[in-house]
Amino acid sequence: AAGANGRTRRQAGRTAAEIARHLEALRASSGGFFTVERLEYLLRSGRVGRARAWLGDLLDLKPILEVGAEGVYPLDRVRGSAALIPRVLKHLDGRLAGRRGTLRLGIVHADAPDRADELRERLVARYRPEVCLVGEATAAIGAHAGPGAWGVFYQIDAGGNSPAPD
């Protein structure tokens, strides 16, 4: 990764082992949450069964999936889209509690720019991150998650990401 002065860690005299340890620490302190608007797309991709998708859409259930170093896992579910952001923020509070370091946030969405903007405003006001990026999901993710899907991802750098000295 390039520092503030444009030099990479390797150019700054860091060894490959130091870089690897730093990346492992970042991986351990990174994660995120993802949700979909309709279970139909998870059904199409084989991520959920037909009965569960039908019942979930009928009851307006929205899954919250956790994304971490080990993969993607179901974490929670809520009824209705309005309950999603508060519940995701609750889970994010739990993951960020007691952690010290530079916080970076990212939001990804599949054709849900209004939701992403609302989420960004709330995240910045609540957590005051160093950066909060917003971007559209790739076509591959959009095809599996469907329109209206969105996620928030975090990274806590507990040090070692300071610019290299000149």
Side-chain angles (χ1 to χ4, degrees), residues 1 20-158:
R21 279 192 301 275
H22 180 73
L23 291 175
E24 283 301 319
L26 283 177
R27 181 177 174 212
S29 63
S30 301
F33 306 99
F34 197 83
T35 188
V36 298
E37 185 62 31
R38 302 219 34 231
L39 295 173
E40 166 191 345
Y41 291 89
L42 295 180
L43 171 64
R44 289 181 189 177
S45 66
R47 305 267 188 248
V48 69
R50 185 172 307 281
R52 182 171 283 181
W54 177 80
L55 188 59
D57 280 343
L58 181 71
L59 297 174
D60 198 24
L61 294 177
K62 309 296 181 192
I64 298 173
L65 308 170
E66 185 163 14
V67 180
E70 295 81 33
V72 179
Y73 302 97
L75 175 68
D76 201 354
R77 70 179 74 88
V78 297
R79 280 191 84 172
S81 296
L84 275 170
I85 289 179
R87 186 69 62 89
V88 166
L89 292 178
K90 176 184 167 206
H91 289 297
L92 191 56
D93 286 344
R95 297 302 181 271
L96 299 179
R99 294 192 178 197
R100 298 278 186 250
T102 302
L103 175 63
R104 297 179 192 97
L105 297 172
I107 300 163
V108 65
H109 68 91
D111 198 27
D114 293 340
R115 177 64 57 119
D117 289 343
E118 175 190 354
L119 185 57
R120 184 182 190 289
E121 286 177 20
R122 292 180 72 171
L123 289 171
V124 168
R126 188 176 190 127
Y127 300 109
R128 304 269 185 235
E130 175 186 67
V131 66
C132 185
L133 304 173
V134 176
E136 289 190 46
T138 65
I141 291 175
H144 290 284
W150 57 269
V152 59
F153 299 89
Y154 63 90
Q155 178 188 68
I156 302 167
D157 189 344

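None of the values given here were measured: they were computed from a predicted structure.
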Note to self: Tell me whether the count of non-hydrogen atoms from other residues, nucleotides or ligands lying under 6.0 Å of CZ in R47 goes above 12.
What the structure shows: no
Please tabulate, for the side chains in residues 108-121, all donor-acceptor contacts under 3.5 angstrom to protein atoms that are two or more places apart in sequence or on a different chain.
| residue | atom | partner | partner atom | Å |
| --- | --- | --- | --- | --- |
| H109 | ND1 | A112 | N | 3.0 |
| R115 | NH1 | S81 | O | 3.3 |
| R120 | NE | C132 | O | 3.2 |

Checklist line | Test salt bridge (charged side-chain N to carboxylate O under 4.0 Å, His left out) applied to R126 - qualifying residues, sequence neighbours left out | finding: D93
Item checked: Pairs touching residues 58-69 that satisfy side-chain hydrogen bond (donor to acceptor under 3.5 Å, both in side chains), sequence neighbours left out -> E37-K62, D60-K62, E66-R95
Check: Do you know which two heavy atoms are closest between G56 and L39, and how far apart they sit?
Finding: CA-CD1, 3.5 Å
Next item on the list: Measure across Y154 and L92 and return the closest heavy-atom pair with its distance rounded to 0.1 Å.
Entry: CD2-CD1, 3.5 Å
Margin query: Rounded at 0.5 Å granularity, tell me how far CZ in R79 sits from CG in L61.
Written below: 6.0 Å
Check: Taking atom OG1 of T35 and atom CG of L65, what is their separation to the nearest 0.5 Å?
Finding: 6.5 Å
Donor-acceptor contacts under 3.5 Å from residues 24-34 side chains, at least two apart:
| residue | atom | partner | partner atom | Å |
| --- | --- | --- | --- | --- |
| R27 | NH2 | A69 | O | 3.3 |
| S29 | OG | A25 | O | 3.1 |
| S29 | OG | L26 | O | 3.3 |
| S29 | OG | I156 | O | 2.5 |
| S30 | OG | L26 | O | 2.5 |

Checklist line | Atom of V152, atom of L123 and distance for their closest heavy-atom approach | finding: CG2-CD1, 3.4 Å
Notebook entry, point to check: Considering residues at least two apart in sequence or located in another chain, which fulfil the side-chain hydrogen bond (donor to acceptor under 3.5 Å, both in side chains) criterion with R44?
Noted result: E40
Margin query: If I take atom NE2 from residue H91 and atom CG from residue D76, how far apart are they, to the nearest 0.5 angstrom?
Written below: 3.5 Å
Pairs under 3.5 angstrom only: tabulate donor-acceptor contacts from the side chains of residues 135-145 to other protein residues two or more places apart or in another chain.
| residue | atom | partner | partner atom | Å |
| --- | --- | --- | --- | --- |
| T138 | OG1 | I141 | N | 3.3 |

Next item on the list: Would you name the heavy atoms of P129 and L105 that are closest together and state the gap between them?
Entry: CG-CD1, 3.8 Å
Item checked: Backbone of T102 reached by a side-chain donor or acceptor of D157 within 3.5 Å -> no
Notebook entry, point to check: Any idea which heavy atoms bring L89 and Y127 closest together, and the distance?
Noted result: O-OH, 3.3 Å
Next item on the list: Examine distances only and state if a side-chain atom of R104 and a backbone atom of E130 form a donor-acceptor pair shorter than 3.5 Å.
Entry: no
